[in-house]
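What follows is a short report on a single structure.
Numbering of ligands and ligand atoms starts at 1, following listing order. Side chains are part of it too, since the values below use all heavy atoms of this structure and drop only hydrogens, waters and symmetry mates.
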Amino acid sequence: MDINGRYFKSYLERQERLKDQSNAENAKKQHSKGKLTAHERIDLLFDNDSFEEIDAYVTPENQKYSFGKIKKSYGDGVIAGHGKVNGRLVFAYAQDFTVMGGSLGVVHAEKIAKIQEMALKMGAPIIGLIDSGGARIQEGIASLAGYATIFHNNIQSSGVIPQLSVIMGPAAGGAVYSPVLTDFTFMTNHTSYMFVTGPNVVKEVLNEEVSSDELGGAEVHARKSGVANMIYEDEENTILGLKKFLSYLPSNNVENPPVVIEEHQKPLTIDSLRDIVPDDPNKPYDVKEVIDQIVDCNSFFEVSEHYAANLVVGFARLNGHTIGIIANQPKVLAGVLDINSSMKGARFIRFCDAFNIPILTLEDVPGFLPGMDQEHMGIIKHGAKMLFAYSEATVPKITVILRKSYGGAYIVMNSKNLGGDFNFAWPTAEIAVMGPDGAVAILYRKELAEAEDPDALKKDLVRKYRDDVANPFIADERGYIDEVIDPATTRKKLITAFEALQNKWTKTPSRKHGNIPL
Ligand code: HXC
């Protein structure tokens with residue numbers, strides 16, 4: 001083809017027209033709201049010059065059944081393509097709010113569906129950068145059908161490739177369901193919000209005044225609903241966080257996560273681990289200190305930090321290998337298990353299991369949270385989610401009991417009989433059916449009632465209970481714990497144990513799927 005010829009000229013003109021579309025005025029509109037443009041977001045996400053766009057020239061269909069005006073634009077309000085993130089293949093789409101509010105019409109939906117199908121076929125992660133007013137009103141039912149296709153694809157890809165969503169503006173109506181069907185959702189504070197029905201509908205139906213931020217801002221979803229797993233103060237940091245997060249994940253369910261060996265390796269024995277758990281069993285401490293000391297330097301990436309903080313979950317590296325950590329947090333509600341923490345833990349465990357990420361459990365839990373509220377809201381079925389998730393997971397699973405391990409919580413937190421591969425305990429561990437106070441009150445009710453000095457008797461019995469029952473040595477002697485270990489050696493023990501489990505293979509009964517209590 002002659003590059004000065006007519007066809008080449010048309011090819012170049014077309015490119016110019018596409019460029020003109022992302023004009024300064026549109027960029028200004030986005031920037032004035034503290035947001036980046038769809039192109040700027042894509043540029044930040046992908047390695048230099050690695051992004052390849054597809055379907056840049058598609059335009060919305062002239063529909064026989066449309067209502068109102070449809071803005072003719074190249075790309076129909078969404079950029080889609082693939083490129084490299086930290087050198088690895090990733091697929092992505094970014095909605096452009098400046099084109100009909102990033103709303104989803106037929107062609108827009110087809111583009112997203114196409115990129116989803118490509119990501120699945122290639123076994124590469126997919127990222128959705130969402131900035132959308134939901135189903136395009138003008139295109140009616142065809143837009144709803146478009147969402148259905150996207151959701152169906154999300155569900156088909158679930159557990160096969162990592163799917164991540166980043167909310168960078170509104171995610172209204174249909175736009176909210178794709179993110180929650182994906183594995184993790186990131187949000188930017190103050191500029192992003194998610195709701196099924198917006199403030200106007202709330203006002204109309206319930207006569208309640210509420211702002212978008214109050215209804216579905218990043219803080220609300222990070223702290224209250226648990227819909228947002230990670231939040232950041234601006235878009236740049238959101239994308240940087242997302243890129244770091246990706247480095248912990250494999251590209252798909254048949255690969256392992258990348259191994260990242262540190263230049264300056266931590267020692268294997270860490271004496272300060274002996275000083276974290278206080279002598280007083282009722283004194284709180286921060287389990288994140290334990291995590292930080294055990295794992296490779298600064299490698300802990302917490303997930304859902306602000307939701308159900310009584311359970312800490314996140315990814316880290318141990319000797320360069322990604323692990324998923326689930327840890328009770330004695331600093332928050334004494335680390336008790338409740339409905340929200342059970343759901344948070346169960347979902348995280350299932351992600352790790354789907355993507356070959358070994359699980360480390362750090363246990364210090366007094367039990368399930370008692371009370372009418374929890375019982376009436378279904379702690380029985382929600383607590384069972386965690387039980388189910390741990391038990392069905394076939395990845396390597398190790399538990400270290402740091403301190404309390406009582407009752408149902410002992411069983412749930414990856415106990416030996418539930419399928420724990422290695423179960424260790426620190427000498428500070430207290431393992432029993434229930435805590436000393438409760439046990440003594442039940443077994444010695446009559447004696448305590450008749451005693452001359454009930455407090456002294458109780459103190460005596462509690463001490464005896466700790467010596468005779470609630471310690472790790474009995475569990476060790478009976479094989480319910482594989483070894484009581486010196487806390488200082490925990491990192492070394494874990495590296496060796498996970499290495500031994502590298503080729504773990506288990507056979508599960510043939511079935512369509514289990515029936516997790518939802
Ligand atoms: C078509 C839309 C649109 C939509 C916004 N726009 N949402 N066009 N379909 N769903 C257009 C506006 O007409 C406007 O066009 C431009 O996008 C910018 O919108 P503004 O309202 O000016 O912006 P802003 O004030 O920032 O408000 C953003 C917004 C608001 C909060 C998203 O636009 C809004 O409430 N939109 C509707 C949200 C919604 O209810 N979606 C649900 C759809 S139903 P111009 O030409 O003026 O620039 C749905 C079904 C699935 O999704 C439900 C499953 C649960």
Side-chain angles (χ1 to χ4, degrees), residues 21-38 59-63 65-78 94-113 128-155 165-182 185 187-206 208-218 220-221 225 227 235:
Q21 196 174 283
S22 333
N23 58 37
E25 201 188 316
N26 282 343
K28 211 167 129 191
K29 269 194 215 156
Q30 283 287 93
H31 294 164
S32 70
K33 294 179 188 162
K35 291 162 52 173
L36 297 173
T37 65
T59 51
E61 278 172 9
N62 270 327
Q63 284 196 43
Y65 300 107
S66 71
F67 165 84
K69 62 177 192 305
I70 295 183
K71 191 168 156 187
K72 256 299 192 244
S73 66
Y74 284 135
D76 198 18
V78 61
Q95 292 176 311
D96 184 348
F97 188 76
T98 65
V99 180
M100 292 177 278
S103 60
L104 184 131
V106 181
V107 172
H108 183 122
E110 280 169 358
K111 277 182 74 170
I112 296 176
L129 302 169
I130 289 151
D131 192 355
S132 170
R136 188 174 296 158
I137 299 161
Q138 295 90 319
E139 296 189 38
I141 186 161
S143 316
L144 302 181
Y147 265 128
T149 306
I150 291 167
F151 300 162
H152 182 69
N153 285 351
N154 282 137
I155 294 156
S165 302
V166 192
I167 317 298
M168 307 196 106
V176 298
Y177 279 111
S178 179
V180 290
L181 292 170
T182 65
T185 298
M187 286 183 84
T188 308
N189 215 354
H190 307 303
T191 50
S192 71
Y193 41 96
M194 299 174 79
F195 38 67
V196 179
T197 48
N200 292 342
V201 180
V202 173
K203 170 85 185 141
E204 248 174 61
V205 178
L206 302 167
E208 280 174 16
E209 293 277 357
V210 64
S211 71
S212 294
D213 222 30
E214 286 166 333
L215 188 63
V220 168
H221 286 305
S225 73
V227 164
E235 293 197 4

Pocket residues of ligand 1, ordered first by chain and then by residue number (heavy-atom cut-off under 4.0 Å):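 Ligand 1 pocket, heavy atoms under 4.0 Å: Lys33, Phe97, Met100, Gly101, Ser103, Gly133, Gly134, Ala135, Arg136, Ile137, Gln138, Leu144, Pro170, Ala172, Gly173, Gly174, Tyr177, Tyr193, Val196.
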Salt-bridge criterion met for Lys33 and Asp131 (N-O under 4.0 Å):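 No, Lys33 and Asp131 are not salt-bridged.
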Residues forming a side chain to side chain donor-acceptor pair (under 3.5 Å) with Glu25, sequence neighbours excluded: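 Side chain to side chain donor-acceptor pair (under 3.5 Å) check on Glu25 returns nothing, list empty.
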Partners meeting side chain to side chain donor-acceptor pair (under 3.5 Å) with Tyr147 (sequence neighbours left out):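 Applying side chain to side chain donor-acceptor pair (under 3.5 Å) to Tyr147 gives none.
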Candidates Val220, Leu215, Ile167 - the one meeting side-chain contact (heavy atoms from CB on, under 4.5 Å) with Met194: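 That would be Ile167.
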Salt bridge (charged side-chain N to carboxylate O under 4.0 Å, His left out) contacts in which one or both residues fall within residues 140-151, not counting sequence neighbours: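 Those involving residues 140-151 do not exist here.
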Exceeds 12 heavy-atom contacts within 6.0 angstrom, atom CD1 of Ile141: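 At most 12 heavy atoms, drawn from other residues, nucleotides or ligands, come within 6.0 Å of this atom.
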